[in-house]
Protein chains: 2
Amino acid sequence: MNATLPRRTESTSRALEKEDVLSLLKRTGLSDYEAKVYLALVLRSHGTAEDVAVTADIPRTSAYKVLEALKKKGYVNSRGGRPVVFHPIPPLEIRDRMVAEMERGFQLLDSLRGSQTEKGSPQLVYTIMGKESVMAKIGEMLDMARERFFLSSPDLTELNNVFASKFANALKRGVHVTVVALPSVKVPDASEVIRKQDLLATDVITDYEVALIATPDLSICGFTDNPFLAAHLDNFFQISLDRPEGKR
Amino acid sequence: MNATLPRRTESTSRALEKEDVLSLLKRTGLSDYEAKVYLALVLRSHGTAEDVAVTADIPRTSAYKVLEALKKKGYVNSRGGRPVVFHPIPPLEIRDRMVAEMERGFQLLDSLRGSQTEKGSPQLVYTIMGKESVMAKIGEMLDMARERFFLSSPDLTELNNVFASKFANALKRGVHVTVVALPSVKVPDASEVIRKQDLLATDVITDYEVALIATPDLSICGFTDNPFLAAHLDNFFQISLDRPEGKR
DNA sequence: CCGATTGTCGCTCTATAGGCTACAATAGTA
DNA sequence: TACTATTGTAGCCTATAGAGCGACAATCGG
């Protein structure tokens, strides 16, 4: 119908740009044809289903379906007439819409982080009661460690028995595991073992982000996922370990 | 393996939030399972393929494929070990990445707007030469009109003949068509016809956005898609039409 | 009234996601 | 060292959505 445009070979850069845009559109939820058609409409500014089919190089009858789908998704506009003339929603408008949607969605997602593991109302330091729960939490911290895992405890036997494999696994994936224990107590696999007298409580720190302090029998503990607090505790232990034994 | 979490019925609002997030993730290019798995990992903070399969409520063996796919797409992390422990990339990080990508892509797309129709280096006013090209441009403007189409010309016969159907079509889709012509000259279908002496050139304005001024024989024209310029011209014509005939 | 254009419908074909079973590899354990 | 459970991989089958295509209905211009 509209034979306005002389068909000529495209410059390579232009073709590359189109590929680029097409892959973006596809990754943002459009199908192959939908991406092609929207791009074609933007390039042409407007056009009938037929025009679009030619520009996008797709079968004519597919253009109708795809344009309909794009209209539902809010990518194109049309207002009656025969033949129907379609207009693209301006790219920047769509971008703004999608960005807004994503900001909202990912914000929500972020607020759900870890809500499957810690329960109760948000606090700086959570209290976990019961040996079973405390042990489970320590196991979780071991699994979650990416870079560094620090454990200091007067009684390692139980932790050692229950979590031996978790310790091994952490080491295997490259986590630096530090264990502080009383002299001549059996310790789990670790990259670094420190012997020290007078350990009073069990302390666990993971990746400078998550920290736990428990009573010796592990019946109750405080737990925080505040990185500043965790890093602060970590720092505290570093200092106390550097000090000569006697001076406590 | 990790039977840490007591399965309990979820609160409705929490379930709704999840639906919300899932649909967002799906619209941003993830498959059903990929969305579920990423959400599950975020909720749990970390986990093995098995853990994830349970939380996301999908078959165990599918979890491996999906986690692999998500890793390629940059949604999750893992570092060796057996079993392999996976970590989600933080939602806000992914959001930033996607937003940046979209800003870039849609910016590019925007720069391609209409590059199929106007050629040459960008200018405020393009010059179009040759009756054929000028006519084609006017036809294009008629097709593109959404709200308003304004045409003023001393010689309407040819435009009338060639574009009769386009005029009809524009009216049908609700465009307000104004035609200014010499007295007792046949005019095309229009919502408003104004008769006026002494028309010197052909002027076309579409939706206050695009404007064209051509010589009477349509052999050459100036054309702009600058909305301010177009609106300015439109305003100019309004004033000139309001003036009594004699006072020119 | 007739031919051309425009738009709709429904069918097949194909690629991909999902689901499942079997089995290989590894690790813990007797 | 052998046995068993866990973890991970491979392959195949099915369901679904997109793509391709022809038939045909609706509308329009002449």
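Below, chain A is the first sequence line, B the second, and so on; all start at residue 1. For the numbers below, each heavy atom of this structure counts, side chains included, while hydrogens, waters and symmetry mates do not.
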Check your understanding: With a 3.5 Å cut-off and no angle check, do the side chains of B:D51 and B:T48 form a donor-acceptor pair?
Key -> yes
Revision key, fill the gap. Rounded to whole Å, CG of B:L30 lies from P of C:dT16 at a distance of 17 Å
Review point. Can you check whether A:K172 has a side-chain N or O nearer than 4.0 Å to OP1 or OP2 of C:dA27?
Key: yes
**Study point:** Donor/acceptor link under 3.5 angstrom from B:K65 side chain onto base of D:dG11
**Key:** yes
**Study point:** Nearest-Å distance for atom pair CG/P, residues B:L67 and D:dG8
**Key:** 10 Å
Revision key, fill the gap. From the candidates D:dG8, D:dT9, D:dA19, the one with an atom nearest any side-chain atom of B:V84 is D:dG8
Check your understanding: Starting at CZ of B:R173 and ending at P of C:dG7, how long is that distance when rounded to a whole Å?
Key -> 12 Å
**Study point:** hbond_proxy A:R60 side chain to D:dG22 base (donor-acceptor, 3.5 Å cutoff)
**Key:** no
Practice item. Tell me whether the OP1 or OP2 atom of D:dA19 has a side-chain N or O from A:S31 closer than 4.0 Å. Key: yes
Review point. Want to settle it: does A:V66 or B:T61 sit nearer the 5' end of DNA chain D, counting the closest nucleotide to each?
Key: B:T61
Check your understanding: Under 4.0 Å between a side-chain N or O of B:S165 and OP1 or OP2 of D:dC28?
Key -> no
Study note, to complete from the structure: In whole angstroms, the gap separating P of D:dT7 from CD of B:E68 amounts to 18 Å
Exercise for review: Take the protein atom CZ of B:F167 and the nucleotide atom C1' of D:dG29, then report the distance between them rounded to whole Å.
Suggested key: 17 Å
Check your understanding: In terms of side-chain heavy atoms of B:P83, which of C:dA17, D:dG8, C:dG10 is nearest?
Key -> D:dG8
Revision key, fill the gap. Of the listed D:dT9, C:dT6, C:dG18, the closest approach to the B:D32 side chain comes from C:dG18
Exercise for review: Check whether any side-chain heavy atom of B:K166 sits under 4.5 Å from a side-chain heavy atom of B:P188, and report yes or no.
Suggested key: no
Check your understanding: Between A:R97 (side chain) and A:G74 (backbone), is there a donor-acceptor pair under 3.5 Å?
Key -> yes
Practice item. Could you tell me the separation between the CD atom of A:E50 and the P atom of C:dA4, rounded to a whole number of Å? Key: 15 Å
Check your understanding: Is there a donor-acceptor contact under 3.5 Å from the side chain of B:N169 to the main chain of A:P83?
Key -> yes
Practice item. Quickly work out the A:K71 NZ to C:dT8 P distance and round it to whole Å. Key: 10 Å
Practice item. Output yes when at least one side-chain N/O atom of A:Y64 is less than 4.0 Å from OP1 or OP2 of C:dT8, else no. Key: no
Review point. CG of A:D51 versus P of C:dT6: gap in Å, rounded?
Key: 9 Å
Point to revise | Side chain to side chain, A:E140 and B:H46, heavy atoms closer than 4.5 Å | key: yes
